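Notes follow once the structure below has been shown.
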Amino acid sequence: MDGGTPICVQCDDAKPKTPDFRRKLVRDLAEATLAAEAASVEFDTVMKDIPSGLPDPDGTQRIHNASHRMKIAREAMTNAQATLYDYLVRGIEPEDLKRRG
C-alpha cells in the first residue's frame, strides 16, 4: 500500500471493499474483448465475401456496417481496459459502480 492506495494485486486483494469492483471490471473487459473479437470475425467474413454479387450500394453498406460495429466494439474494449487499469493502478473507483454500490 502507498498512502492507502493499493500498488499491486495482492495489496488490492487485502484492501477491504464493500463492492467487488475488480471482479466486475475484469468481467466487463472479458465481455468487451469477446464482442470485439466477434465483430472482427464478422468484418473479416464480409471482406472475404467481396465481390459478393450485391449491387454496389448494398455491398458497400455491408462493409461500412461491419466496420462500424467493429469500431464500436473496439472502443468499448479500450474503455474497459482503461477503466480496469485506472482502478488497479491508480485506485480510481468507477463512478457508475460506486453509485450502484
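If you're wondering where the values come from, they're calculated on a predicted model, not measured in any experiment.
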Practice problem: Might you point out which heavy atoms bring Ala80 and Ala32 nearest each other, and give the distance in Å? | Solution: CB-CB, 4.2 Å
Quiz item: Quick one: OG1 on Thr78 to CD on Gln81, what's the gap to the nearest 0.5 Å?
Solution: 5.5 Å
Quiz prompt | Distance, nearest 0.5 Å, that separates CD1 of Ile92 from OH of Tyr85 | solution = 9.5 Å
Self-check item: Candidate pair Asp49 and Arg62, rule side-chain contact (heavy atoms from CB on, under 4.5 Å), full reasoning
Solution: CA-CA 10 Å; Asp49 192 34; Arg62 281 182 65 218; 3.1 Å; yes
Self-check item: Closest non-hydrogen atom pair between Leu25 and Tyr87, with its separation
Solution: CD1-CB, 3.5 Å
Would you list the atom pairs, donor with acceptor, under 3.5 Å between side chains in residues 65-72 and any protein atom, with sequence neighbours excluded?
residue : atom : partner : partner atom : Å
Asn65   : OD1  : Gln61   : NE2          : 2.7
Asn65   : ND2  : Gln61   : O            : 3.4
Arg69   : NE   : Glu42   : OE1          : 3.2
Arg69   : NE   : Glu42   : OE2          : 3.1
Arg69   : NH2  : Glu42   : OE2          : 2.5
Lys71   : NZ   : Glu75   : OE2          : 3.2

Quiz prompt | Closest contact, heavy atoms only, Ala73 versus Ala36 | solution = CB-CA, 3.6 Å
Quiz item: Do Leu34 and Glu37 come within less than 4.5 Å of each other through their side chains, counting heavy atoms only?
Solution: yes
Quiz item: For Asn79, what residues pass the side chain to side chain donor-acceptor pair (under 3.5 Å) criterion, not counting sequence neighbours?
Solution: none
Practice problem: Supply the atom-to-atom distance Thr83 OG1 to Lys24 NZ, rounded to the nearest 0.5 angstrom. | Solution: 10.0 Å
Quiz item: For Met77 and Leu29, which heavy atoms make the closest approach, and how far apart are they?
Solution: O-CD1, 3.9 Å
